[in-house]
Participant: 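The structure is given below, and queries will be raised subsequently.
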2 protein chains.
Amino acid sequence: MSLKHAILAVLSHGDRTGYDLVHKMDGSVANFWPASHQQVYLELKKLDELGFVQYREKEQKSRPDKKVYKITKTGIGELKSWAEEPLVIATPKDELMIKIFAGHLLEPKHLANELHRVRELHQSKLDEYLAIEKTRFQGKLTPDRLAQYLTLRRGILFEKSWIEWCNESLKRL
Amino acid sequence: MSLKHAILAVLSHGDRTGYDLVHKMDGSVANFWPASHQQVYLELKKLDELGFVQYREKEQKSRPDKKVYKITKTGIGELKSWAEEPLVIATPKDELMIKIFAGHLLEPKHLANELHRVRELHQSKLDEYLAIEKTRFQGKLTPDRLAQYLTLRRGILFEKSWIEWCNESLKRL
DNA sequence: CGCCCCATGTAAGCAGTTACATGATTAC
DNA sequence: GTAATCATGTAACTGCTTACATGGGGCG
């Protein structure tokens, strides 16, 4: 399971609340390991029981209290030994490809409209990533920032490959 | 859920046994919706109960008997109306990106070795796809074959984007 | 007055994985 | 003889989704 390790990886870059983990993650883990708030709070609880994280309650006036989570030494150890294991590549699931595979049953026009729409969605995601690259990853990077940048670059190349595929597919239809 | 529809999509291209669905799917659905044999047999059972597929038992000498599944008219209807719904893009889960995100905790050399290894895995997948393209998708294609070809092209562009990412990441490390 | 943001949780159910189970034939 | 291929299933468990639940503050 990887949500546990995704959370530990984020916490290795700095302390966060459950709410932060779910939301403020632009250009970060949310783009390659999405999770609902329910799932995140559940995993934080488990990680706490395992001793991989600790939290301190922080009272706030005019806002609900919150729990700020911090990764422990044991947590860092666990994350490191997990990250060192050789990766087994999992083929990603892709619903659109199933629809395309069934595309011979549909109106070509309907399919083309859908491809246009999907292309625009990927284009705006790409624009978003490029903006982050421009504003937040210029010049020399520390190892910590480089790790984050590499994941952003993956997002950029991924979105580009989608846009390219949409374009060539539209030509072939 | 999509495994049901993945199976229906394959059956819309021709009759198959459960065994076929799990195995002989090179350049097909297995590359974007992998499933274990247990899962496939279970879904076939459910699809049968729903009336979306039918099977005839086929006795074989010197081989175990098998069930050849065929999509029904109701099944085609279900597949079509599902495929016509606008797609909601799901961000794919990617374990490697979590490891990269935690990369600042690892030896740079270890990370580089891992990236080399991953690149080779994607390269061989790409070679496989390119071979299929060359041998099986030359010349003018029927709508049915075109649908299959587009999914293959997606695989090709996907693997290329991985190789490119590995190369640029290795330079940055 | 209603909607969005902040902030955290429980419970039921479904999709998918891992483990267990069987058995004949063919190829080396 | 032993490994791989063909062929189909059940049972237990885990990860994740969907639905339900609460409640104050700020903004228009």
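The sequence lines fix the lettering, A, B, ..., with proteins before strands; numbering per chain opens at 1.
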Participant: Once you round it to whole Å, what is the distance between C1' of dA15(C) and CD1 of Ile98(A)?
Facilitator: 13 Å

Participant: How many whole angstroms separate atom CG of Leu42(B) from atom P of dG16(C)?
Facilitator: 11 Å

Participant: Roughly how many Å is it from OH in Tyr19(A) to P in dG9(C), rounded to a whole number?
Facilitator: 15 Å

Participant: Figure out the CG/P separation between Leu21(B) and dA7(D), and round it to whole Å.
Facilitator: 12 Å

Participant: What I want to check is whether the side chains of Asn31(B) and Tyr129(B) have a donor and an acceptor closer together than 3.5 Å.
Facilitator: yes

Participant: In whole angstroms, how far is the P atom of dT14(D) from the NZ atom of Lys4(A)?
Facilitator: 10 Å

Participant: So what does Leu3(B) touch, heavy atoms closer than 4.0 Å: a base, only the sugar-phosphate, or nothing?
Facilitator: sugar-phosphate

Participant: Would you say Lys45(B) places a side-chain N or O within less than 4.0 Å of OP1 or OP2 belonging to dT10(D)?
Facilitator: yes

Participant: With a 4.0 Å cut-off on N to O distance, would you call Glu168(B) and Arg172(B) a salt bridge?
Facilitator: yes

Participant: Locate the shortest heavy-atom distance separating Lys80(B) from Leu106(A); write the atom from each residue and the value.
Facilitator: O-CD2, 3.9 Å

Participant: Side chain of Trp33(A) only, heavy atoms from C-beta on: which candidate in dC6(C), dC6(D), dC16(D) is closest?
Facilitator: dC16(D)

Participant: Suppose we call two aromatic rings close when their centres sit under 6.0 Å apart. Are His13(B) and Phe101(A) close by that rule?
Facilitator: yes

Participant: Of the nucleotides dG16(C), dG9(C), dA7(C), which one has an atom closest to the side chain of Gln38(A)?
Facilitator: dG9(C)

Participant: Can a salt bridge be assigned to the pair Arg117(B) and Glu114(B) using a cut-off of 4.0 Å between side-chain N and carboxylate O?
Facilitator: yes

Participant: What's the CG-C1' distance between Asp65(A) and dT22(D), to the nearest Å?
Facilitator: 14 Å

Participant: Would you indicate, yes or no, if dT8(C) has its OP1 or OP2 atom less than 4.0 angstrom from a side-chain nitrogen or oxygen of Tyr41(A)?
Facilitator: yes

Participant: Lys93(B) side chain: which of dT18(D), dC16(D), dC20(C) is closest?
Facilitator: dC16(D)

Participant: Check if the side chain of His37(B) and the base of dT8(D) share a donor-acceptor pair of N or O atoms closer than 3.5 Å.
Facilitator: yes

Participant: State whether Lys67(A) places a side-chain N or O below 4.0 Å from either non-bridging phosphate oxygen (OP1 or OP2) of dG9(C).
Facilitator: yes

Participant: Checking contacts here: which listed nucleotide (dT5(D), dC5(C), dT18(C)) is nearest the side-chain heavy atoms of Ser36(B)?
Facilitator: dT18(C)

Participant: What is the distance, to the nearest angstrom, from the CD atom on Gln39(B) to the C1' atom on dC13(D)?
Facilitator: 14 Å

Participant: Can you tell me how far P of dC14(C) sits from NE2 of His5(B), to the nearest Å?
Facilitator: 16 Å

